[in-house]
Every structure is written in C-alpha cells, then in structure tokens.
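Here the structure is laid out as structure tokens; the discussion comes afterwards.
A quick note: this is a predicted structure, and the numbers were derived from the prediction, not measured.
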Amino acid sequence: MERRRLVLLLSTVASLQVSNSASSGNIPSRFWCFSEEIALQCGVTEQCKKERPAQKNAAIVNIGLYYESMCGGCQEFFTTQLYPTFQKLSSIMNVTLVPYGNTEETKVGDHWEFDCQHGPDECLGDIIETCTIAIVKTLANYIPFINCVEGSKVTPKEAAEKCAPQFSIPLDQVLNCTTSDYGNQLQHQMAVLTDSLVPQHNYVPWITLNGLHTDDIEEKATTNLLKLVCDTYPGEKPPACNSG
Ligand SMILES: *[C@@H]1O[C@H](CO)[C@@H](O)[C@H](O)[C@H]1NC(C)=O
Ligand SMILES: *[C@@H]1O[C@H](CO)[C@@H](O)[C@H](O)[C@H]1NC(C)=O
C-alpha cells in the first residue's frame, strides 16, 4: 500500500516535470508553488507569492528622458505616458529629465551659448526646466509643473507663468537662475549628459530604461510606459500594475 502511493506520487511528479499542462486536480498541494505556471493552474498565485516573495528592496526603475521643451513628440510623451505613469508608479519609478535634446552649444569666453532646434523660446523653456529641477530638487514636486508647461499650447515662458502658482514653484527664483552663470552652467551639464549618451541620440524624445536605449525600449515606452516599468521592476508589483 505504502509502496503504491509512493509510486503514484513519483509518477505524478514525473508527469509534472514532463508536461506543464497537468491539471490542478493531479498535483499534490505541496507542489502548487513549484512554479508560477503551476500556481496559476491551481489558482494559488497570491498564496504562493508569500512562499516565494518577490525581491525585497528591489532597485526602482529609472526612466531617462532626453528631450527639448518645444518638440511635439516630447510634449506628447511627457503628458500622455511619462507623467500619468509616474503618478501611478512613483513608488517603483524614478525619472531623470534632461531638457536639451538636439540643441548645440558653443563656448564664448567663460559662458555657453545654446542654439535650440525650435529657437530662443525653446532655449528659455529648457533652462526654465533645468533651473526648476535644480531649485525644487524633489521629483514629485517639480514633475507636475514641467508636465503643465509641456502640456500648454503657449511658449514655455508663458506656460511657466501660468503653471508656477498652481504647483507652488518659486518662479522669480527660477527666472533669476535662467539668466545667471549658475543657470548657464546647469544647462551646460544637460549638454554634457546628452553628449555622453551611448549610443548617441539621433532623435527626440530619446528614452532610456535604467540607462539603456534601444529601438524596442523606445517603442514600448512610447506605447505603454506603465507596462514597461511594471514588467521591468523586479520587486513586488504595486496594484497599479494590474490596472492596465
Ligand atoms: C533619481 O534620478 C535622479 C536624477 O537622475 C538621481 O539624482 C537620483 O539619485 C535618483 N534616485 C533614485 C532613488 O534612484
Ligand atoms: C535674483 O538674483 C539676484 C542677484 O543674483 C539676487 O540678489 C536676488 O535675491 C535673486 N532673487 C531671487 C528671487 O532669487
């Protein structure tokens, strides 16, 4: 009797290993958490997560955005993917904003001059965003403001004037920074970050995932950033990951 049960059990395990499609009825409960696939068949995915916990203290996902303030595709990505995703996934996601894009810089004396794709209004928009990042410091506090600027159909300067009070941004200080040597150096740092991309960017928005850019990452980020961040995060997924 004992021997027959053992044989039966062994054959169950064997068939389980050969075929993943064994139905849950045949699988002894102690194997239910053997793999995610079996857990799914047995309807115990949640319970098994407790036995095989997701990685603790997992590194959060970093999205890098290399853009320029007046590029239509950048504005669209910012307002329809980046900001809505950050609002839902701020616990597992960091964002590095680099407002420079296809700008070119030249050193004149000890000062940098910037030549922006969409002209001086864009240069001012970029440095407003750069100075805001430096002054406000906390992503959760400056990203709503930059989203507001990027979503406004007026020049970035006009948008900043409209958006600053809504998001408690010290606009006087920011505008002061944009004409200072400090602001000029900060904007040069954005050039340095952009120019040190590997591979070099050849369009904007240029998106990186944990520092990496590929056409596939760009495609996934611009179509469903929420899914990309959720799929990349190695830790336990927040509830927002199940909503899309
Ligand atoms: C988030 O990104 C910013 C900008 O790159 C960086 O300074 C900061 O250290 C990052 N924070 C975390 C928690 O990774
Ligand atoms: C603007 O800059 C000037 C000169 O650097 C400084 O004295 C002043 O306090 C600044 N204003 C603000 C609001 O930061």
Nearest heavy atoms of [X] and [Y], plus distance in Å:
{"X": "Asn62", "Y": "Val95", "value": "ND2-N, 4.5 Å"}
{"X": "Ala58", "Y": "Gly235", "value": "CB-N, 3.5 Å"}
{"X": "Cys71", "Y": "Val204", "value": "SG-CG2, 3.8 Å"}
{"X": "Cys177", "Y": "Tyr182", "value": "SG-CD2, 4.2 Å"}
{"X": "Glu150", "Y": "Tyr67", "value": "OE2-CE1, 4.1 Å"}
{"X": "Val174", "Y": "Ile169", "value": "CG2-CG2, 4.1 Å"}

[X] side chain to [Y] main-chain N or O, any donor-acceptor pair under 3.5 Å?
{"X": "Lys237", "Y": "Cys230", "result": "yes"}
{"X": "Glu113", "Y": "Val108", "result": "no"}
{"X": "Glu68", "Y": "Asn102", "result": "yes"}
{"X": "Glu218", "Y": "Ile207", "result": "yes"}
{"X": "Glu105", "Y": "Asp115", "result": "no"}
{"X": "Thr222", "Y": "Glu219", "result": "yes"}
{"X": "Glu122", "Y": "Cys116", "result": "no"}
{"X": "Thr138", "Y": "Asn141", "result": "no"}

Out of curiosity, Thr79 OG1 to Ile146 CD1, how far, rounded to the nearest 0.5 Å?
13.5 Å

As an exercise, state the distance from OG1 of Thr194 to CD of Glu104, rounded to the nearest 0.5 Å.
12.0 Å

Apply side chain to side chain donor-acceptor pair (under 3.5 Å) to Tyr100 and Glu129, showing your working.
CA-CA 10 Å; Tyr100 181 80; Glu129 295 182 8; over 6 Å; no

I need the single residue from Asp216, Leu209, Asp215, Ile217 that forms a side chain to side chain contact (heavy atoms under 4.5 Å, CB included) with His213. Which is it?
Asp215

Salt-bridge criterion met for Lys162 and Glu158 (N-O under 4.0 Å)
no

Compare all side-chain heavy atoms of [X] with those of [Y] and state whether any distance is below 4.5 angstrom.
{"X": "Gln117", "Y": "Thr103", "value": "no"}
{"X": "Leu97", "Y": "Ile133", "value": "yes"}
{"X": "Lys157", "Y": "Asp121", "value": "no"}

Could you give me the CA-CA distance, side-chain angles and deciding distance for Leu89 and Cys241, then say whether side-chain contact (heavy atoms from CB on, under 4.5 Å) is met?
CA-CA 8 Å; Leu89 299 182; Cys241 285; 4.0 Å; yes

Test item: side-chain donor near acceptor, Asp126 and Ser69, under 3.5 Å:
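Side-chain D/A pair, Asp126 to Ser69: present.
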
Any donor-acceptor pair under 3.5 Å linking the side-chain atoms of Gln187 with those of Thr130?
yes

Just say parallel, tilted or perpendicular for the rings of Trp112 and His188, cut-offs at 30° and 60°.
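Parallel, since the angle between the ring planes stays under 30°.
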
Is the count of non-hydrogen atoms from other residues, nucleotides or ligands lying under 6.0 Å from Gln87 atom CD greater than 12?
yes

